[in-house]
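Note that the structure is predicted; figures quoted are calculated from it, not measured.
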Amino acid sequence: MKLTILGGGGFRVPLVYGALLKDRAEGRVTRVVLHDLDAGRLSAVTRVLAEQAAGVPDAPEVSATTDLDEALRGSDFVFSAIRVGGLEGRANDERVALAEGVLGQETVGAGGIAYGLRTVPVAVDIARRVARLAPDAWVINFTNPAGLVTEAMSRHLGERVIGICDSPVGLGRRIARVLGANPQEAWIDYVGLNHLGWVRGLRVAGRDELPRLLADPDLLGSFEEGKLFGADWLRSLGAIPNEYLHYYYFNREAVRAYQQAEKTRGAFLYDQQARFYAEMRNPGASAWKVWDDTRAEREATYMAENRESAGAGERDEDDLSGGYEKVALALMRAIARNERTTLILNVRNRHTLSVLDTDAVIEVPCLVDAGGAHPVTVDPLPDHATGLVCAVKAVEREVLAAAESGSRATAVKAFALHPLVDSVGVARRLVEGYTQVHPGLAYLR
């Protein structure tokens, strides 16, 4: 079975390959093709994978190419993990937004819109190529903003593109662990958009254990989201929000923390990965050790500004193990082998949330089998969550319209309508600022 990874020179590719190496079952991936525009990055990652595979019998064969059509042709699965504009682009997204006093995070607010405007045209081109060169392939989208990009690709691939994110899985795992439950045996009632969802219940043996958590201040204060949001706010909501909702509920504090930080997250990662790829040019370096040391630093500093502003302290050791590669592999196995499972995924709404149309991509538990991912029926969101979901989905639709039409006015509208951008004037200046620093936005007229 052939797996193609787009963005194959990306830093997190060894996580995926490591999961593949542990899969010994029949019908597993036997060939991995890495595609990237940067041959140097491909070379670096290929070295890491070679060291990973040392001593592993029948490890999946790895090849690398800068030819997109060659990479896609004949693929069974395509993992799309591209970053249009690179980490320099992410750093610019943050810098331009913070100069206007608004959030520049890569998936939320102004930064997410700018990233989406750069990424959607490229993602659409990839979707069209997949439809032509590998019409039977399943595309698993890692690329942020995951919900927005998945919806853009779904207009050309239908339900054969599925978006993934490890945030809901990690959230459910933390809640189950605090409650003394096995995460594998818990049903997580989660719904929303990517990076904009809520756990409304966690059922073990048919019983909802979330009320027990919400009633216990000590339990609430013992895990990441309790420290981040505070026990009082979680009890007020009656739910546990995805960590990215901290940017909405504590926006002023988050913006201030980012403005006061020595470096933004994008700038930190840009410098860190520049060092990594530079070290990888040393033929005497241990590729695996260099990569693993860099990975540990990256994960430990995740959302550091938010935790600092909330006084949440350092991340727990159990939260430093990532997880998105496990979600991707579980999804791929369920489809390829008809190993039925339940996963929280980004898929077309169908009739799951009545306030959104059937083609809107949402993040929700899905039953997965050889026929793909099927969203389960969920209870309606409370009014406060419905309002936020509808507002952000409306912004995503304006981003898609701007990317398709090239309309600068529509791009301004997308920024201006976002709940975290508080002025049409700011929206206009954001578009002006972003078009000056991002060549990939030159299509906006």
Closest heavy-atom contact between Val13 and Gly7? CG2-O, 3.7 Å
Can you list every pair that meets side-chain hydrogen bond (donor to acceptor under 3.5 Å, both in side chains) and has a residue in residues 389-406, with sequence neighbours left out? Glu151-Lys393, Glu151-Arg397, Asp357-Arg397, Lys393-Glu396, Glu398-Lys413
Inter-residue atom distance Leu388.CG - Leu196.CG, 0.5 Å rounding: 4.5 Å
Quick one: do the Glu339 and Thr341 side chains pair a donor with an acceptor below 3.5 Å? no
Between Val161 and Ser154, is there a side-chain heavy-atom distance shorter than 4.5 Å? yes
Heavy-atom distance under 4.5 Å between the side chains of Ser167 and Glu243, does that happen here? yes
Correct closest heavy-atom pair for Gly8 and Leu42 would be C-CD2, 3.8 Å
Student check: side-chain heavy atoms of Val102 and Val255 closer than 4.5 Å: no
Evaluate the side-chain proximity of Ile82 to Ile126: yes if any heavy-atom separation is below 4.5 Å, no if none is. yes
Can you name the one residue among Leu417, Leu420, Val399 that meets side-chain contact (heavy atoms from CB on, under 4.5 Å) with Ile113? Val399
Which class fits the ring pair Phe229 and Phe250: parallel under 30°, tilted 30 to 60°, perpendicular over 60°? tilted
Among Val149, Asn144, Thr150, Leu148, the one residue meeting side-chain contact (heavy atoms from CB on, under 4.5 Å) with Asn194: Asn144
State, with a plain yes or no, whether a side-chain heavy atom of Arg132 is found less than 4.5 Å away from one of Asp69. yes
I need the Leu269 CG to Glu106 CD distance, nearest 0.5 Å. 8.5 Å
Nearest heavy-atom approach of Thr65 to Glu70 is OG1-OE1, 3.4 Å
What heavy-atom pair brings Met280 and Ala287 nearest, and what distance separates the two atoms? CE-CB, 3.3 Å
Centroid-to-centroid, Tyr277 to Phe11, below 6.0 Å? no
N-O pairing of Glu159 and Arg350 below 4.0 Å: yes
Would you mind checking if Arg408 and Glu432 are paired as a salt bridge, meaning a charged N to carboxylate O distance below 4.0 Å? yes
So do Asn251 and Leu103 actually touch side chain to side chain, heavy atoms under 4.5 Å? yes
Heavy-atom closest pair, residues Leu72 and Ala134: O-CB, 3.5 Å
Here the gap from Tyr443 atom OH to Ser407 atom OG, rounded to the nearest 0.5 Å, amounts to 10.0 Å
Are the side chains of Phe77 and Lys2 in touch, meaning some heavy atoms are under 4.5 Å apart? no
So Tyr115 and Arg83, do their side chains get closer than 4.5 Å, heavy atoms only? yes
Identify the residue among Leu331, Leu345, Thr352, Asn346 that makes a side-chain contact (heavy atoms from CB on, under 4.5 Å) with Cys366. Leu345
Minimal non-hydrogen separation, Glu363 against Pro168, with atom names: OE1-CG, 3.3 Å
Nearest 0.5 Å, what's the CZ-CD distance between Phe142 and Glu325? 8.5 Å
